[in-house]
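Have a look at the structure below, then the notes.
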Amino acid sequence: MGETVLALRDITRSYVSGDETLHVLRGVNFELRAGETVALVAPSGTGKSTLLHIAGLLDHPDGGVIEVAGRDAGRLPDKDRTAIRCSEIGFVYQFHHLLAEFTARENVALPQMIAGTSPSVSRRRAEELLGVFGLGHRLNHLPGKLSGGEQQRVAIARALANAPSVLLADEPTGNLDVSTADIVFDELLRVVRGSAVGALIATHNEELAARMDRVVTLRDGILVEG
């Protein structure tokens, strides 16, 4: 494996609910390397999404250190955190969240243009990525004209559009039928490994988790191997 692209050190996060304090993360330590795929397994409501949001700089921990691509990103101003999210982190969710009024190509090109890439280069990159996912013939289709599996492929391509060093995915195939989920997941792993991005993928599916390089489980607010 390559260099460390994401490191979480002693991450804590609690929420106050009435008179009760819920300690969701109790000192999480984790490292993700370039080219590595890691399954994050945890029951619903145990802090899985909270952990992904903190790792992706969408939420602030109560304590601990977040390093992205070798940079201490946790304590940076919001503007700098946003810049790191844009350039270094890709997100895939259970629901694709594609922009309905834009074509597949435009959905993948848009994040690149927001990051400052020219429209022509962004379109070419979008076409290349969509071609890798077998969607070269669907470039000009709106999301509503795509199947569920195709929509999720577009969402994955969008997450990889800015060549991030870290990919975070929260149940990326959880909204698909079993056969489609298998196909999309195989394509996701193939493309991730080919691009040397480090991927932390939350899933309830033990078969999908077993296809990844290793598995970490969130138990009582702590990450453990296996």
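Counting from 1, the numbers follow the sequence of the chain as shown.
Annotation: the span from S122 atom OG to R105 atom CZ amounts to 12.0 Å, rounded to 0.5 Å. Atoms CD and CZ, from Q151 and R138 in turn, are 10.0 Å apart once rounded to the nearest 0.5 Å. Rounded to the nearest 0.5 angstrom, L98 CG and L142 CG are separated by 10.5 Å. Within the model, atoms CD1 of I156 and CG of L188 stand 4.5 Å from one another, a figure rounded to the nearest 0.5 Å. Note that CD of E225 is 8.0 Å distant from CZ of F30, once rounded to the nearest 0.5 Å. Here the straight-line distance linking atom CG of L130 with atom CZ of R123 works out to 13.5 Å at 0.5 Å rounding.
For the residue pair D62 and T12, no side-chain donor N or O sits within less than 3.5 Å of a side-chain acceptor on the partner. With hydrogens and angles left out, the side-chain atoms of H23 and R26 include no donor and acceptor closer than 3.5 Å. For the residue pair R85/T82, the side-chain donor-acceptor check at 3.5 Å is satisfied.
The backbone N or O of P164 sits nowhere less than 3.5 Å from a side-chain atom of N162 that would complete a donor-acceptor pair. Between the side chain of Q152 and the backbone N or O of G148 there is no donor-acceptor pair closer than 3.5 Å. Between the side chain of R13 and the backbone N or O of H60, at least one donor-acceptor pair lies under 3.5 Å. A donor-acceptor contact shorter than 3.5 Å links the side chain of S118 to the backbone of V121.
When the shell of 6.0 Å around CD of E101 is examined, it contains more than 12 heavy atoms from other residues, nucleotides or ligands. At most 12 non-hydrogen atoms from other residues, nucleotides or ligands lie less than 6.0 angstrom from CG of D220.
Side-chain heavy atoms closer than 4.5 Å link hydrophobic residues (I, L, V, M, F, W, Y) into clusters, and following such links, even through other members, never connects I201 to V5. Cluster membership for V216 and V192, using ILVMFWY side-chain heavy atoms within less than 4.5 angstrom, is not shared. V166 and V92 end up in different hydrophobic clusters when Ile, Leu, Val, Met, Phe, Trp and Tyr side chains are linked at under 4.5 Å. Tracing side-chain contacts under 4.5 Å through hydrophobic residues (I, L, V, M, F, W, Y), one reaches L160 starting from V132; they form part of the same cluster.
In this structure, the side chains of L218 and V41 stay at 4.5 Å or more apart for every pair of heavy atoms. Taking 4.5 Å as the limit, some side-chain heavy atom of L52 sits within range of a side-chain heavy atom of L40. D72 places a side-chain heavy atom less than 4.5 Å from the side chain of V65.
Nearest heavy-atom pair across A39 and T203 is CB-CG2, 4.5 Å.
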Exercise. Would D170 and S49 count as a side-chain hydrogen bond (donor to acceptor under 3.5 Å, both in side chains) if you check the C-alpha gap in whole Å, the side-chain angles of each, and the deciding distance to 0.1 Å?
Worked result: CA-CA 7 Å; D170 195 353; S49 294; 2.9 Å; yes

For this session: Test N140 against E106 for side-chain contact (heavy atoms from CB on, under 4.5 Å), laying out the working first.
Result: CA-CA 8 Å; N140 296 315; E106 290 167 341; over 6 Å; no

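Contact check on E36 versus R214 returns a salt bridge, with a Lys/Arg side-chain nitrogen under 4.0 Å from an Asp/Glu carboxylate oxygen. Ion pairing of E67 with R9 is present here, as a side-chain N (NZ or NE/NH1/NH2) and a carboxylate O approach within less than 4.0 Å.
By the side chain to side chain contact (heavy atoms under 4.5 Å, CB included) test, R193 is found to be paired with T37, L189, D213, residues two or more places apart in sequence or in another chain being considered.
Aromatic ring pairs are classed by plane angle as parallel below 30°, tilted from 30° to 60° and perpendicular above 60°; the pair Y93 and F91 is parallel.
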